[in-house]
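This one's a predicted model, so the numbers in the text were calculated from it and none came from an experiment.
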Amino acid sequence: MRVLLLEDDLALNDIVSEHLIDRGFDITVAYSGDEALDYLIEEKYDLALLDINTPNMSGLEVLKTIREYKNNTPIIMITAYQDTKHLKEAFENGGDDYIKKPFDLEELDQRINKICKYFAIEQTQEIMIKENIKFIPSENTLKIDDKIVKIAQKESEMLKYFCINTNRIISSDEFLQNIWTYEVMPNEATIRVYIKTLRELIGKDVITTHRGIGYKLNLSV
C-alpha cells in the first residue's frame with residue numbers, strides 16, 4: 001500500500017513514517033504543500049495523510065487542487081487546530097477523514113484501517129459482481145462459475161475503482177487521473193479497450209455506457 005505523508009514537523013514526520021514503514025507500507029514523505037502536490041500529480045497513491053498547516057501551500061490547498069483534477073486518492077487530514085472551521089472546509093472539499101494533534105499511533109492505525117475498509121484498499125475478500133461472478137482484487141482474478149480467470153493489473157485496478165464507486169458514472173478522465181501516472185498516461189481509446197475486455201468477462205449489462213459522460217458499474221444487475 002502506497003502512502004503519501006505531508007508533515008513539516010521533522011520529528012513527527014520521522015515518527016509517523018517509520019511507524020507506517022514498520023506496518024509494511026510504501027511511504028513517500030513531503031515537507032511542504034507544493035512538494036506533496038507534485039507527488040500526487042506524478043504518482044499514484046492508495047492514501048495520503050495531509051497536515052493542514054504546511055509551508056508554501058497548505059494541506060487544504062493541496063486537497064482542493066487534486067480534487068479539481070478529479071484525483072480521488074483517499075485523504076486523511078492532520079490538524080493541530082481545535083476549531084471546526086478547518087475540518088468543515090476539509091470535508092466540503094473532499095477530505096475523507098481527519099486526526100487531531102497530538103494523536104497516538106494506534107489512533108492513526110484505526111483511521112487508516114477505516115479508510116482501507118471503506119475504499120477496499122488492499123481488498124482481500126471476494127466482491128460479488130453478479131450471482132455467478134466474484135472479483136478478488138488482491139489476486140487480480142475473477143471467479144466465474146467456479147472457474148478462476150486471471151485479468152491484467154490495469155483491468156483489475158479499473159474494476160476495483162468501479163467497485164469503490166459503484167452505481168456512479170465514472171469518466172475516462174477520472175480513470176486516467178486515478179489509475180495511471182502521468183509518465184505512462186494512455187489515451188481514451190485505451191480506456192475503451194479495457195472496458196470492452198471487462199464487459200466480455202462480466203457482461204455488457206454490468207458496465208453501461210453513458211454517452212459523453214462515462215461508464216457505470218451496476219452491481220444490482
Side-chain angles (χ1 to χ4, degrees), residues 1-4 20-21 23-28 40 43-48 70-75 96-97 109-221:
M1 175 170 158
R2 297 196 69 200
V3 177
L4 172 67
L20 296 179
I21 289 171
R23 284 196 58 185
F25 297 160
D26 179 4
I27 307 299
T28 299
L40 285 166
E43 302 289 341
K44 178 181 178 295
Y45 293 93
D46 298 299
L47 172 67
K70 298 182 181 179
N71 181 319
N72 287 327
T73 300
I75 302 291
D96 299 293
D97 201 353
D109 287 343
Q110 291 304 314
R111 292 192 179 275
I112 291 175
N113 290 342
K114 174 187 172 184
I115 289 290
C116 288
K117 182 177 181 180
Y118 183 81
F119 287 95
I121 300 171
E122 298 202 334
Q123 181 71 261
T124 56
Q125 70 262 33
E126 297 176 344
I127 299 174
M128 185 71 72
I129 302 296
K130 293 176 71 173
E131 186 175 341
N132 66 322
I133 301 177
K134 295 177 181 178
F135 173 44
I136 305 94
S138 61
E139 300 176 3
N140 298 334
T141 58
L142 291 167
K143 186 184 291 185
I144 305 175
D145 295 323
D146 295 324
K147 178 183 178 182
I148 300 298
V149 178
K150 191 76 174 177
I151 60 177
Q153 178 69 34
K154 289 302 181 187
E155 290 165 1
S156 179
E157 290 179 12
M158 286 184 67
L159 185 53
K160 179 178 173 181
Y161 195 81
F162 264 131
C163 291
I164 292 170
N165 297 280
T166 183
N167 296 320
R168 182 172 73 80
I169 300 173
I170 303 172
S171 67
S172 295
D173 184 56
E174 185 172 337
F175 276 124
L176 293 173
Q177 295 291 341
N178 288 280
I179 294 179
W180 278 268
T181 61
Y182 278 72
E183 291 82 1
V184 292
M185 188 73 78
N187 54 36
E188 190 170 341
T190 304
I191 299 294
R192 290 198 295 269
V193 170
Y194 282 116
I195 294 292
K196 181 175 182 292
T197 302
L198 287 172
R199 279 177 169 155
E200 290 173 350
L201 291 168
I202 64 178
K204 294 180 179 180
D205 56 340
V206 181
I207 300 177
T208 54
T209 298
H210 295 258
R211 192 170 300 278
I213 305 175
Y215 307 93
K216 184 168 76 168
L217 180 72
N218 305 287
L219 292 185
S220 59
V221 178

Got a second to check how far [X]'s [atom1] is from [Y]'s [atom2], nearest 0.5 Å?
{"X": "Arg192", "Y": "Thr197", "atom1": "CZ", "atom2": "OG1", "answer": "13.0 Å"}
{"X": "His210", "Y": "Lys216", "atom1": "NE2", "atom2": "NZ", "answer": "4.5 Å"}
{"X": "Ile27", "Y": "Arg2", "atom1": "CD1", "atom2": "CZ", "answer": "10.0 Å"}
{"X": "Asn178", "Y": "Asp173", "atom1": "CG", "atom2": "CG", "answer": "9.0 Å"}
{"X": "Thr209", "Y": "Ile169", "atom1": "OG1", "atom2": "CD1", "answer": "10.5 Å"}
{"X": "Met128", "Y": "Ile133", "atom1": "CE", "atom2": "CD1", "answer": "10.0 Å"}

Give me the atom names and distance for the closest heavy-atom approach of [X] to [Y].
{"X": "Lys130", "Y": "Val206", "result": "CD-CG2, 3.3 Å"}
{"X": "Pro137", "Y": "Ser156", "result": "O-OG, 3.7 Å"}
{"X": "Phe135", "Y": "Thr141", "result": "CD1-O, 3.4 Å"}
{"X": "Glu200", "Y": "Lys196", "result": "OE2-NZ, 2.7 Å"}
{"X": "Leu40", "Y": "Ala48", "result": "CD2-CB, 4.3 Å"}
{"X": "Tyr194", "Y": "Glu155", "result": "CD2-CG, 3.2 Å"}

Considering only heavy atoms from C-beta outward, does the side chain of [X] approach that of [Y] to under 4.5 Å?
{"X": "Tyr215", "Y": "Arg199", "result": "yes"}
{"X": "Ser171", "Y": "Leu176", "result": "no"}
{"X": "Met158", "Y": "Ile191", "result": "yes"}
{"X": "Ile202", "Y": "Leu159", "result": "yes"}

Inset, instruction - Give a yes or no on whether Lys150 atom NZ has more than 12 heavy-atom contacts from other residues, nucleotides or ligands under 6.0 Å away. - result: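 Yes, enclosed.
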Legend entry - Crowding at CG, Asp146 (>12 non-hydrogen neighbours, <6.0 Å):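 Open: at most 12 neighbouring heavy atoms sit under 6.0 Å from CG of Asp146.
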Inset, instruction - Give a yes or no answer on whether the side chain of Asp96 reaches the backbone of Ile75 with a donor-acceptor pair at less than 3.5 Å. - result: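 Yes, because the side chain of Asp96 sits within donor-acceptor range (under 3.5 Å) of the backbone of Ile75.
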Inset, instruction - Under the salt bridge (Lys or Arg N to Asp or Glu O under 4.0 Å) rule, collect the residues that match up with Arg23, sequence neighbours excluded. - result: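 By the salt bridge (Lys or Arg N to Asp or Glu O under 4.0 Å) rule, Arg23 matches Asp109.
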Inset, instruction - Determine the sole option in Leu198, Ile148, Leu201, Ile136 for which the side-chain contact (heavy atoms from CB on, under 4.5 Å) test with Leu142 is passed. - result: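 Of the listed residues Leu198, Ile148, Leu201, Ile136, the side-chain contact (heavy atoms from CB on, under 4.5 Å) partner of Leu142 is Leu201.
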Inset, instruction - Check Asp26, Val3, Leu47 against Leu20 for a side-chain contact (heavy atoms from CB on, under 4.5 Å) and give me the one that passes. - result: Val3
Inset, instruction - Please check if the distance between the ring centroids of Phe175 and Phe162 is under 6.0 Å. - result: yes
Inset, instruction - Start with the C-alpha gap between Leu4 and Glu43, add the side-chain angles, then the distance that decides, and say whether side chain to side chain contact (heavy atoms under 4.5 Å, CB included) holds. - result: CA-CA 10 Å; Leu4 172 67; Glu43 302 289 341; over 6 Å; no
Inset, instruction - Show your working on side chain to side chain contact (heavy atoms under 4.5 Å, CB included) between Phe25 and Asp46 and close with a plain yes or no. - result: CA-CA 10 Å; Phe25 297 160; Asp46 298 299; over 6 Å; no
Inset, instruction - Output yes when Glu157 and Lys154 qualify as a salt bridge under the 4.0 Å nitrogen-oxygen rule, no when they do not. - result: yes
Legend entry - Distance-only side-chain donor-acceptor flag, Thr73 / Asn71, under 3.5 Å: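 Result is yes, a qualifying pair exists.
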